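Everything numeric in this text was worked out from a predicted model, so none of it was measured. As the structure lists them, so they are numbered: ligands from 1, and atoms in each ligand from 1.
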Amino acid sequence: MKYLSTRGGEKDLTFKDILFSGLASDGGLYVPDEWPQIDYNALKKIDSYSELALEIIYPFIGEDIKKSELKSLIDNAYAKFSKSKIITFKNLKQREHIVELFNGPTLAFKDFAMQLIVPIFDYYLLQENKKLNLIVATSGDTGSAAINAVHQSSKINIFCLFPKGRISDFQKKQMTTVHGDNIFPIEVDGTFDDCQNIVKSILVDRDFSEEFSIAAVNSINWSRVMIQIVYYFYTLINNNISEDEIINFSVPTGNFGDIYAGYVGIKMGLPVNKLIIATNENDILDRFINSGSYSIEGVTKTTSPSMDIAIASNFERLLFDLLQKSSVMTSEKMNELKNNRSFSVTKEQSNLVKKTFSSKKINQNEVNDLIKETYKEFNYIMDPHTAIGLGASRVLNERGDNNFILGTAHPIKFSDTVEKAIGHPMQSTNEFFEMYKNEEKFYSFMNSAEEVRKVIKDNYSK
Ligand SMILES: *Cc1c(COP(=O)(O)O)cnc(C)c1O
């Protein structure tokens, strides 16, 4: 499998190349040059999550890692998940299923990618006897998942930027109480997008990132998307679905990484009708679906902070497809976005998007009501992000299709919001917080790329 940049500046790259560089030097995102085709009926016979992951991921990696070695990396990664089943399902109403993706060590779906990417990095680093300095911008869950995974590594340092006051207390503790001489949490006085911009500015500065052996594991890193494709297949294979049923996935969406993985799944042969973009008040994608215009607005702080973004970074990958893989046109649109803070697509292009995607914005009051009512009716406690997925699914499912809602985080991660909605403390709160009772240690800066660079210079490993 070869990879190229959506903006045309790089091509013929291997999986390893793009894993390590994350963002293309022309500012574009890496995409594979073709979609591997999967025989869905053959896949159906596989019931182990790890084996399924191997079949789906291997074609994207190709000769870079031997299949048997990849298998053991995958087996080890998913052995760290708590339940005997890596994914659990909760059926609410008939044809309304929550896909619980929060059985990993840090209780959000980000663990699926992080627990595997870090060992893949280690695998390459060990071969070359090198060290790596990972940099990540997080709206909460990516950072904790990455820190948990990197903590075990003797080859990797992690510099993790999170926005001050815009993540939950539990998320912050998950990042700041894991002590190790390779762990550097950095609080930035700004939004997630500010953190992301600092990371991008460091990554595009090739001299700096090469000198300090820097790589990124943001949702723009292709390997995360690739790994997340697996659970779409797993979900359908592990629920008895007859051939004639119409299936949709509702995906709580911020950076468009998770749902884009579903899109790639469809390109590979996943039998799904629609992907529902479920957003909070930060609704750039919902506005795009409704108007054909992609336009940046300020970030609103909500009770679903992992989706508080101004730009959906992975959207450029879909745009590239939509523009028939024209890197010239993709670059034009992205430049327009940079200069005018918006761009539009044609009516035909917009209709093409709507063939696969629909969208719905769910506001904070609705989230509160959804958590409350779901608890009353089904005795089931949902986190606010998952609630947005459920809300969007219900509004759009007039026909009674079979809808799967991605449960993206455990409710304990957002206990303040959840407890307000259900009206009493969650059980087991203490037990979870007990895991993160260490003293908090982290850097705290203004919104400054310079200060972040300095921390890296002072602490990087060669
Ligand atoms: C990251 C995250 C999302 C959004 O996923 P994207 O890939 O950024 O669209 C939704 N919910 C939770 C709990 C998350 O951590």
Side-chain angles (χ1 to χ4, degrees), residues 29 98-114 136-148 160 162-163 166-168 170-172 174-175 191-193 195-196 217-229 231-232 249-265 275-286 288 299 302-318 357 359 361-362 367 371 382-392 405-415 417-418:
L29 305 192
I98 309 282
V99 182
E100 297 180 333
L101 300 175
F102 44 75
N103 298 323
T106 70
L107 312 175
F109 80 83
K110 305 294 200 296
D111 285 323
F112 278 87
M114 287 307 166
V136 53
T138 182
S139 54
D141 294 326
T142 297
S144 44
I147 283 176
N148 179 288
C160 180
F162 62 89
R166 289 170 183 268
I167 60 173
S168 79
F170 190 84
Q171 289 176 311
K172 182 160 172 248
Q174 285 186 310
M175 288 188 271
T191 63
F192 167 72
D193 294 271
C195 297
Q196 178 103 306
V217 283
N218 285 337
S219 69
I220 49 178
N221 195 305
W222 166 260
S223 61
R224 288 184 52 183
V225 171
M226 169 188 88
I227 292 167
Q228 288 166 196
I229 301 165
Y231 46 69
Y232 286 89
F249 275 88
S250 180
V251 186
T253 295
N255 264 315
F256 201 69
D258 210 9
I259 196 165
Y260 177 75
Y263 171 80
V264 177
L275 297 168
I276 300 169
I277 302 169
T279 78
N280 66 18
E281 284 84 340
N282 298 291
D283 59 350
I284 183 165
L285 290 167
D286 184 54
F288 172 76
V299 181
T302 74
T303 52
S304 45
S306 303
M307 290 154 58
D308 289 350
I309 47 87
I311 306 177
S313 318
N314 278 290
F315 183 68
E316 181 168 342
R317 293 193 159 110
L318 181 70
F357 293 92
S359 81
K361 168 170 73 172
I362 302 294
V367 167
I371 296 174
M382 258 184 323
D383 102 285
H385 305 79
T386 306
I388 289 173
L390 180 66
I405 296 116
L406 296 193
T408 48
H410 191 288
I412 192 72
K413 297 197 89 166
F414 306 95
S415 54
T417 301
V418 169

Student check: side-chain heavy atoms of M382 and L390 closer than 4.5 Å: yes
Is there at least one pair of N or O atoms, one from D258 and one from ligand 1, spaced under 3.5 Å apart? yes
At what distance is the nearest protein heavy atom to atom 10 (C) of ligand 1, and which residue and atom is it? P252 O, 3.6 Å
Are any non-hydrogen side-chain atoms of F256 and I309 less than 4.5 angstrom apart? no
So is Y260 close enough to ligand 1, meaning a heavy atom under 4.0 angstrom away? no
Applying a heavy-atom cut-off of 4.0 Å, say which part of F256 lies close to ligand 1: side chain, backbone, both or neither. backbone
At under 4.0 Å between heavy atoms, what of K413 touches ligand 1? The answer is neither
Taking 4.0 angstrom as the limit and counting only heavy atoms of G257, give me the atoms of ligand 1 inside it, by number and element. 6 (P), 7 (O), 9 (O)
Between F357 and V251, is there a side-chain heavy-atom distance shorter than 4.5 Å? no
A student checking ligand 1 against D141 at a 4.0 Å heavy-atom cut-off should list atoms 12 (C), 13 (C), 14 (C), 15 (O)
Would you mind listing which atoms of ligand 1 come within a distance below 4.0 Å of any non-hydrogen atom of A409? 13 (C)
Counting only nitrogen or oxygen atoms and a 3.5 angstrom limit, does F414 reach ligand 1? no
Among all protein heavy atoms, pick out the one at the shortest distance from atom 11 (N) of ligand 1; state its residue, atom name and that distance to 0.1 Å. T408 OG1, 3.0 Å
Heavy-atom contacts with T253 under 4.0 Å: which atoms of ligand 1 show up? List them by number with element. 9 (O)
Hey, mind stepping through T142 and R224 against side chain to side chain contact (heavy atoms under 4.5 Å, CB included) and telling me if it holds? CA-CA 11 Å; T142 297; R224 288 184 52 183; 3.3 Å; yes
With only distance considered, is D383 within less than 3.5 Å of ligand 1 through an N or O on each side? no
Checking a contact table here: which protein heavy atom is nearest atom 5 (O) of ligand 1, and how many Å away? F109 CZ, 3.5 Å
Please indicate whether any nitrogen or oxygen in H385 is less than 3.5 Å from any nitrogen or oxygen in ligand 1. no
Are the side chains of S306 and Q171 in touch, meaning some heavy atoms are under 4.5 Å apart? yes
For K110, the ligand 1 atoms whose distance to one of its heavy atoms is below 4.0 Å: 1 (C), 2 (C), 3 (C), 14 (C), 15 (O)
Is ligand 1 less than 4.0 angstrom away from at least one heavy atom of A108? no
Any N or O of G254 that comes nearer than 3.5 Å to an N or O of ligand 1? yes
For ligand 1, which atoms sit closer than 4.0 Å to a heavy atom of M307? 10 (C)
Which label fits H410 and F102: parallel for a plane angle under 30°, tilted from 30 to 60°, or perpendicular past 60°? perpendicular
Between the side chains of T106 and D111, is a donor N or O closer than 3.5 angstrom to an acceptor N or O? yes
Answer yes if the side chains of N314 and Y263 hold a donor-acceptor pair under 3.5 Å, and no otherwise. no
Polar-atom distance check: N255 versus ligand 1, any N or O pair below 3.5 Å? yes
Quick one, T386 and L406 - any side-chain contact, counting heavy atoms below 4.5 Å? no
Could D383 and K413 be called an ion pair, given the rule that one side-chain N must be under 4.0 Å from one carboxylate O? no
Work out which heavy atom in Y232 is nearest to a heavy atom in L275; give both atom names and the distance. CE2-CD2, 4.3 Å
Any idea how F288 and F315 line up, ring-wise: parallel (<30°), tilted (30 to 60°), or perpendicular (>60°)? perpendicular
